[in-house]
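Chain A is the first sequence line, chain B the second, and so forth, proteins listed ahead of strands; every chain is numbered from 1.
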2 protein chains.
Amino acid sequence: MKRSDVSLIALRRILRATELYGRDLARAAGLTPVQIRVLQIVAETGQSTPKAISARMGVSQPTMTTLIDRLVAKGLVERRRSEADRRQMNIFVTEAGREAIARAPDPLHDRYVAAFEALPDWEQAMLVAALERVAGLLDAGHLDVAPVLDLGDIRKAPPAN
Amino acid sequence: MKRSDVSLIALRRILRATELYGRDLARAAGLTPVQIRVLQIVAETGQSTPKAISARMGVSQPTMTTLIDRLVAKGLVERRRSEADRRQMNIFVTEAGREAIARAPDPLHDRYVAAFEALPDWEQAMLVAALERVAGLLDAGHLDVAPVLDLGDIRKAPPAN
DNA sequence: CATAAATGCTTCGTAAAGCGAAAAAATGAC
DNA sequence: GTCATTTTTTCGCTTTACGAAGCATTTATG
């Protein structure tokens with residue numbers, strides 16, 4: 001078997017493990033995986049806009065509206081019209097939202113970090129190098145599909161987010 | 001920043017790239033990402049059962065029934081009652097199903113494999129070892145996948161930088 | 001043999017997630 | 001002032017997902 005195939009199988013195991021585990025965790029927290037992700041993205045900077053979040057998650061704006069609707073209904077985020085540009089909505093995490101995030105830890109975080117930090121130093125270094133390499137390979141492939149950040153954009157304006 | 005955090009960020013880049021790219025590809029092929037996955041699982045061995053597929057995908061049986069319904073409606077798979085145990089349904093890929101798979105390449109496969117195989121030999125070995133290691137860390141809590149780690153290979157890999 | 005229990009799948013009802021088309025509201029350019 | 005653009009929402013639809021209940025079949029138990 002080719003080594004590229006072996007690496008693909010390992011990659012799929014990673015994808016599968018995170019997906020299944022994420023579903024379990026979300027269920028335990030009373031949220032869906034998607035809701036947790038939206039919440040985390042907003043919480044990173046404390047506020048965001050529907051447009052920015054949808055771009056970040058690779059989802060359409062109408063979809064983001066409904067996702068935010070649900071989080072608002074649960075009292076985890078709130079909408080406030082932007083003062084600067086009144087077309088925009090600013091999304092803020094509420095106190096309840098912060099608590100929800102704290103209760104619903106990152107799907108990857110707990111299990112993985114504990115195991116990772118138990119590894120010997122040289123192995124940690126190897127894993128970091130390898131993961132960044134693979135992420136680079138995959139990101140590069142994705143750029144072909146959506147070459148958003150080309151020179152034109154760089155010339156025009158500093159990237160948001 | 002801790003190395004576990006750096007590795008988590010890389011992992012998230014990997015997850016994000018595969019998710020976004022998978023959605024694009026599925027759309028281009030006229031199938032949804034989930035439908036492609038079901039089809040691929042069935043095609044691996046040419047046949048399977050709803051129970052087995054649902055277990056493999058981490059999804060309930062009712063969900064699998066509706067997924068198979070859609071694939072049957074599209075003529076990509078067919079149901080046949082098992083002779084050995086008439087409670088079971090066997091799912092077979094049709095010729096049209098095989099063609100659909102051929103037209104809708106694996107979200108990861110094409111670009112990644114090309115990039116991977118262009119890497120020098122030692123780096124391929126390092127990536128395989130690292131990915132299997134990470135997959136092992138993540139699946140550790142999950143029952144089904146055999147966490148067979150070839151420690152020999154890992155120790156042979158040169159420590160990154 | 002008979003019947004109770006377990007297994008495998010489907011149906012039903014409900015909810016979440018996703019999209020495109022188009023409406024609404026504000027901005028910016030002319 | 002008017003028109004094009006941007007940002008978000010509304011509407012209608014499909015897909016994905018689950019639990020509960022139901023049906024047919026097989027296996028276990030008396």
Side-chain angles (χ1 to χ4, degrees), chain A residues 19-20 22-39 41-42 47-74 76-92 104 153 156-157 160-161, chain B residues 19-20 22-39 41-42 47-74 76-92:
Chain A
E19 185 192 339
L20 294 182
R23 233 179 272 187
D24 291 348
L25 266 189
R27 187 161 303 246
L31 293 172
T32 68
V34 180
Q35 287 170 357
I36 291 182
R37 261 163 66 216
V38 174
L39 207 47
I41 288 174
V42 178
Q47 85 180 63
S48 189
T49 69
K51 173 113 181 178
I53 310 171
S54 68
R56 178 107 179 249
M57 286 182 54
V59 136
S60 72
Q61 279 179 359
T63 299
M64 190 48 57
T65 293
T66 69
L67 295 182
I68 293 171
D69 283 347
R70 290 190 220 294
L71 292 177
V72 168
K74 287 173 192 271
L76 304 180
V77 304
E78 54 183 30
R79 289 181 163 105
R80 254 180 267 156
R81 190 124 242 149
S82 162
E83 291 303 320
D85 182 340
R86 294 178 46 72
R87 290 170 306 182
Q88 292 188 29
M89 264 331 209
N90 282 67
I91 312 298
F92 293 85
D153 283 328
K156 247 192 291 183
N161 155 295
Chain B
E19 185 193 339
L20 295 181
R23 234 180 278 193
D24 291 347
L25 265 189
R27 187 159 301 249
L31 294 170
T32 67
V34 181
Q35 287 170 355
I36 290 181
R37 262 162 67 214
V38 174
L39 205 49
I41 288 173
V42 178
Q47 86 181 63
S48 189
T49 69
K51 173 111 180 177
I53 310 171
S54 67
R56 177 108 179 251
M57 287 182 53
V59 134
S60 72
Q61 270 184 5
T63 299
M64 191 48 59
T65 292
T66 69
L67 295 183
I68 293 171
D69 282 347
R70 290 191 214 295
L71 291 178
V72 169
K74 287 173 192 268
L76 304 180
V77 303
E78 54 183 30
R79 289 180 163 106
R80 254 180 267 157
R81 190 127 241 146
S82 162
E83 291 303 319
D85 182 341
R86 294 176 43 72
R87 290 172 304 183
Q88 291 187 28
M89 238 21 188
N90 284 87
I91 311 298
F92 293 85

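When rounded to the nearest whole Å, the span between CD1 of A:Ile68 and P of D:dT7 equals 14 Å. Going from atom CG of A:Leu31 over to atom P of D:dC18 covers 17 Å, rounded to whole Å. To the nearest angstrom, P of D:dT26 lies 13 Å from CE of B:Met89. Taking atom CZ of residue A:Arg27 and atom P of nucleotide D:dC18, one finds them 6 Å apart after rounding to whole Å. Atoms CG (B:Leu39) and P (D:dT16) sit 12 Å apart, rounded to a whole Å. Atom CZ of B:Arg37 is separated from atom P of D:dT16 by 10 Å (rounded to the nearest Å). In this entry the distance linking CG of A:Asp69 with P of D:dC11 reads 11 Å, nearest Å. Between B:Met64 atom CE and D:dC18 atom P there is a gap of 9 Å when expressed in whole angstrom units.
Looking at heavy atoms from C-beta onward, A:Arg37 lies out of side-chain contact with A:Leu67 at the 4.5 angstrom threshold. In this structure, A:Arg79 and A:Ile91 have side chains that are in contact, with non-hydrogen atoms separated by less than 4.5 Å.
Of the two residues near DNA chain C, A:Glu83 and A:Leu67, the one whose nearest nucleotide lies more 5' is A:Leu67. When each of A:Glu19 and A:Ile91 is assigned the nucleotide of DNA chain D with its nearest heavy atom, A:Ile91 is the one assigned upstream, toward the 5' end. Comparing A:Arg87 and A:Met57, the nucleotide of DNA chain C nearest to each residue sits closer to the 5' end for A:Met57.
When heavy atoms are screened at a 4.0 angstrom cut-off, A:Thr66 is found touching no nucleic acid atom at all. Using a 4.0 Å heavy-atom criterion, one finds that B:Gln61 contacts the bases of the nucleic acid, with or without backbone contacts as well. If you check every strand for non-hydrogen atoms under 4.0 Å, B:Arg79 touches sugar and phosphate atoms only.
If you walk DNA chain C from 5' to 3' and mark each nucleotide with an atom closer than 4.0 Å to a heavy atom of chain A, the marks span C:dA16 to C:dT27.
Contact annotation: side chain of B:Arg86 to base of D:dT25, donor-acceptor pair absent below 3.5 Å.
Residue B:Asp85 has its side chain nearest to D:dT26 when only D:dT6, D:dT26, D:dT9 are considered. For A:Pro62, the side-chain atoms get nearest to D:dT9 when compared with the rest of D:dT9, D:dG19, D:dT15.
Listed by chain and number, the residues in a side-chain contact (heavy atoms from CB on, under 4.5 Å) with A:Arg27 amount to none (sequence neighbours excluded).
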Can you list the steps and then say if A:Thr65 with A:Asp69 is a side chain to side chain contact (heavy atoms under 4.5 Å, CB included)? CA-CA 6 Å; A:Thr65 293; A:Asp69 283 347; 4.1 Å; yes
From CA spacing to verdict: side chain to side chain contact (heavy atoms under 4.5 Å, CB included), B:Met57, B:Met64: CA-CA 9 Å; B:Met57 287 182 53; B:Met64 191 48 59; 4.0 Å; yes
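Under a 3.5 Å cut-off, the side chain of B:Arg80 and the backbone N or O of B:Asn90 do not form any donor-acceptor pair.
Just one of B:Arg87, B:Arg81, B:Glu83 meets the side-chain contact (heavy atoms from CB on, under 4.5 Å) condition when paired with B:Asp85; it is B:Arg87.
Side-chain N/O atoms of B:Thr63 include none lying less than 4.0 angstrom from OP1 or OP2 on D:dA17.
When all heavy atoms are compared, the tightest approach of A:Ala52 to A:Ser48 is CB-OG, 3.7 Å.
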